[in-house]
2 protein chains.
Amino acid sequence: MLLTTSAEENYLKAIFKISEKEPGPVLTNALAAAMGTSAASATDMLKRLSDKQLVAYEKYRGVTLTPEGDRLATSLIRKHRLWEVFLVDKLGFAWDEVHDFAEQLEHVQGDNLTDRLDEYLNHPRFDPHGDPIPDAQGRWIRRPQVRLTTLTPGQKGIVTGVDDHTSPFLQYLDELGIALGVAIELLDRTAYDQSSKVRIAGKEYTLSEKASQNLFLRLE
Amino acid sequence: MLLTTSAEENYLKAIFKISEKEPGPVLTNALAAAMGTSAASATDMLKRLSDKQLVAYEKYRGVTLTPEGDRLATSLIRKHRLWEVFLVDKLGFAWDEVHDFAEQLEHVQGDNLTDRLDEYLNHPRFDPHGDPIPDAQGRWIRRPQVRLTTLTPGQKGIVTGVDDHTSPFLQYLDELGIALGVAIELLDRTAYDQSSKVRIAGKEYTLSEKASQNLFLRLE
DNA sequence: AAATATTTTTAGACTTGTCTAAAAATAAAT
DNA sequence: ATTTATTTTTAGACAAGTCTAAAAATATTT
């Protein structure tokens, strides 16, 4: 059994998430930026994680997760997302309120807690933001989804996720009646600023390019 | 709003619990013993807690909680016990498995989490070990209960709590069919070692003085 | 290829929380 | 009341995680 601190775990998650977006080793600066810390602190931490065999780290060349580090990061994301499901489905929080809680809850350690929670929640495969929840073996379900910005006028889709988890965006979606599972039809795209004219539940709205970029849809 | 670390919170809880048993200021050594640490470390922490106005600390004279420290300690106990109810009632853990989890969960910070959890659990007033759960205002429900060692032969009672939360004791009770709400009749007390002959669900058992001491009952 | 810019690492310091060993204060015993 | 024992505090050190500033390595530009 391996002992890890919350700080170490947060770095592992950050490395995982950066690796997801850009293949290849994660650079110190990118990691420091993601963690909101200095490059010096990131270097210190990389040495610690390397000592614990959780990352493969080469000076000046960046860092990648070892299989063990990958397993741990995946487990953290699993825990985070399961707790988010709990907070929304069971405790009745809104989808923009749960991130900070889950950020703490994901670090709770101990045998079986995650699997029992998973069982209790009925093995959810997606969290309240539509992100997939890895199963107990670390397997992911990735479903095909596209950004609203990639649709051509006339196409319809069902909202399956968001790429911005901040409260202002999520609350804005709430105001428009946009939630997971809601149908959206792209009516037109404004040439000038790439904003989207859409129909949601019979009503028409305009979404900025920024907002459109952050909405994931499954095509109908 | 006041920021506290888990370490500080654990000291506050320890001070609270020692104060419950023995009135008057808590001495440094007693606190160090309760925390499993050295008197020097306890002194260090008392200075920090004193700076934060959570305790009233006088060198060589011991420490007491300030109203704010008392409020915080009570809230921690509330959180701990609510999480224990969740772990047992919702996730299906046994009463001897939940302490370490709750010890971590009680430190999760954020608005409303505790009250929502309380609501979700239907405002339980006692935890899985029979300990009272303070309400949102920090009010306690204390119910009259006595130790099995104080009964006279022939008296009956209902199990309402335990004074030893360790797995060996709780699992021993499981084996005997002793759980909260179970009726116990004291048949006889052995003069030699003060052990208790009892009847539980029609069957007779012998409980050591130590075990009897750790069982709380409501008299019938 | 040399100069410049960027990135990364090292060095030294700070905080929290811990430790051991020694000093100081208090309490108990003669 | 003085010695002895106990309790508590101080002093100095350590680890984790952070910081800033400076040095070193790498990348880019000319």
Side-chain angles (χ1 to χ4, degrees), chain A residues 1-15 18-19 21-22 24-65 69 72-73 76 103-104 106-107 109, chain B residues 2-15 18-19 21-65 69 72-73 76 103-104 106-107 109:
Chain A
M1 194 54 206
L2 182 80
L3 288 182
T4 47
T5 66
S6 291
E8 289 167 348
E9 292 181 348
N10 287 333
Y11 273 91
L12 288 176
K13 263 200 319 172
I15 296 167
I18 296 169
S19 298
K21 298 226 167 181
E22 293 165 53
V26 172
L27 301 180
T28 304
N29 254 7
L31 182 57
M35 293 300 297
T37 186
S38 68
S41 301
T43 300
D44 284 350
M45 182 56 88
L46 289 179
K47 285 180 190 163
R48 265 191 289 275
L49 293 174
S50 186
D51 288 346
K52 293 193 176 184
Q53 318 254 30
L54 294 170
V55 302
Y57 167 55
E58 269 190 275
K59 272 185 169 187
Y60 296 101
R61 298 260 160 264
V63 69
T64 54
L65 294 176
L72 219 165
L76 286 163
E103 208 63 26
Q104 299 174 66
E106 72 189 12
H107 300 295
Q109 314 239 6
Chain B
L2 184 79
L3 288 181
T4 46
T5 65
S6 292
E8 289 168 348
E9 293 181 347
N10 287 333
Y11 273 92
L12 288 175
K13 264 200 318 173
I15 295 167
I18 296 168
S19 298
K21 299 226 167 180
E22 293 164 53
V26 172
L27 302 180
T28 303
N29 254 8
L31 182 56
M35 294 299 298
T37 185
S38 69
S41 300
T43 300
D44 285 349
M45 181 55 88
L46 289 179
K47 286 179 190 164
R48 266 191 289 276
L49 293 174
S50 187
D51 288 345
K52 293 194 177 183
Q53 318 253 27
L54 295 170
V55 302
Y57 168 54
E58 270 190 276
K59 272 182 168 190
Y60 296 102
R61 297 261 159 266
V63 68
T64 56
L65 294 175
L72 220 165
L76 286 163
E103 206 64 26
Q104 300 175 67
E106 73 188 11
H107 299 296
Q109 313 240 5

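The sequence lines fix the lettering, A, B, ..., with proteins before strands; numbering per chain opens at 1. Hydrogens, waters and symmetry mates play no part in the numbers below; they use all other heavy atoms, side chains included.
Proximity of B:Tyr57 to the phosphate of D:dT9: a side-chain N or O atom is located under 4.0 Å from OP1 or OP2. In this model, the phosphate group of D:dT10 is approached by a side-chain N or O of B:Lys59 to a distance below 4.0 Å at OP1 or OP2. Taking side-chain N and O atoms only, A:Tyr11 has no distance below 4.0 Å to OP1 or OP2 of D:dA16. A close approach under 4.0 Å does occur between a side-chain nitrogen or oxygen of A:Ser41 and OP1 or OP2 of D:dC19. A sub-4.0 Å separation between OP1 or OP2 of D:dA27 and a side-chain N or O of A:Arg61 is present. Between B:Arg48 and C:dG17 there is a side-chain N or O to OP1 or OP2 distance below 4.0 Å. A sub-4.0 Å separation between OP1 or OP2 of C:dC19 and a side-chain N or O of B:Thr37 is present. A sub-4.0 Å separation between OP1 or OP2 of D:dC19 and a side-chain N or O of A:Ser38 is present.
Rounded to a whole Å, the CG atom of B:Leu31 is 10 Å from the P atom of C:dT18. At whole-Å resolution of the value, CG in A:Leu27 and P in C:dT9 are 10 Å apart. The CG-C1' distance, from B:Asn29 to C:dT26, rounds to 13 Å in whole Å. Atom P of nucleotide C:dT16 and atom NE2 of B:His107 are separated by 18 Å, given to the nearest angstrom. A:Glu58 has its CD atom 16 Å from the P atom of D:dA25, to the nearest Å. Taking atom CG of residue B:Asp44 and atom P of nucleotide D:dA13, one finds them 15 Å apart after rounding to whole Å. The distance between atom CG of B:Leu12 and atom C1' of C:dG17, rounded to the nearest whole Å, is 15 Å. Separating the OH atom of B:Tyr60 from the C1' atom of C:dA23 is a distance of 8 Å, rounded to the nearest angstrom.
For B:Lys52 (side chain) and B:Leu3 (main-chain N/O), a donor-acceptor pair under 3.5 Å exists by modelled atom type.
For the residue pair B:His107 and A:Gln104, the shortest heavy atom distance occurs at O-OE1, 3.9 Å. Taking each heavy atom of A:Thr28 and A:Ala39 in turn, the nearest pair found is CG2-O, 3.6 Å.
Residue A:Ala42 is out of contact with every strand shown, counting any heavy-atom pair closer than 4.0 Å. Contacts of A:Ala7 with the nucleic acid, taken as non-hydrogen atoms under 4.0 Å apart, involve only primed sugar atoms and P, OP1 or OP2. Among the heavy atoms of the strands lying under 4.0 Å from B:Thr28 are primed sugar atoms or P, OP1, OP2 only; no base atom is included.
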Exercise. For A:Met45 and A:Met35, what are the C-alpha separation, side-chain angles and deciding distance, and is it a side chain to side chain contact (heavy atoms under 4.5 Å, CB included)?
Worked result: CA-CA 11 Å; A:Met45 182 56 88; A:Met35 293 300 297; over 6 Å; no
Problem set entry | Derivation of the side chain to side chain contact (heavy atoms under 4.5 Å, CB included) call for B:Glu106 and B:Glu9 | CA-CA 9 Å; B:Glu106 73 188 11; B:Glu9 293 181 347; 5.7 Å; no
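Between B:Ala40 and B:Met45, the residue anchored nearer the 5' end of DNA chain C, judged by the nucleotide with its closest heavy atom, is B:Met45.
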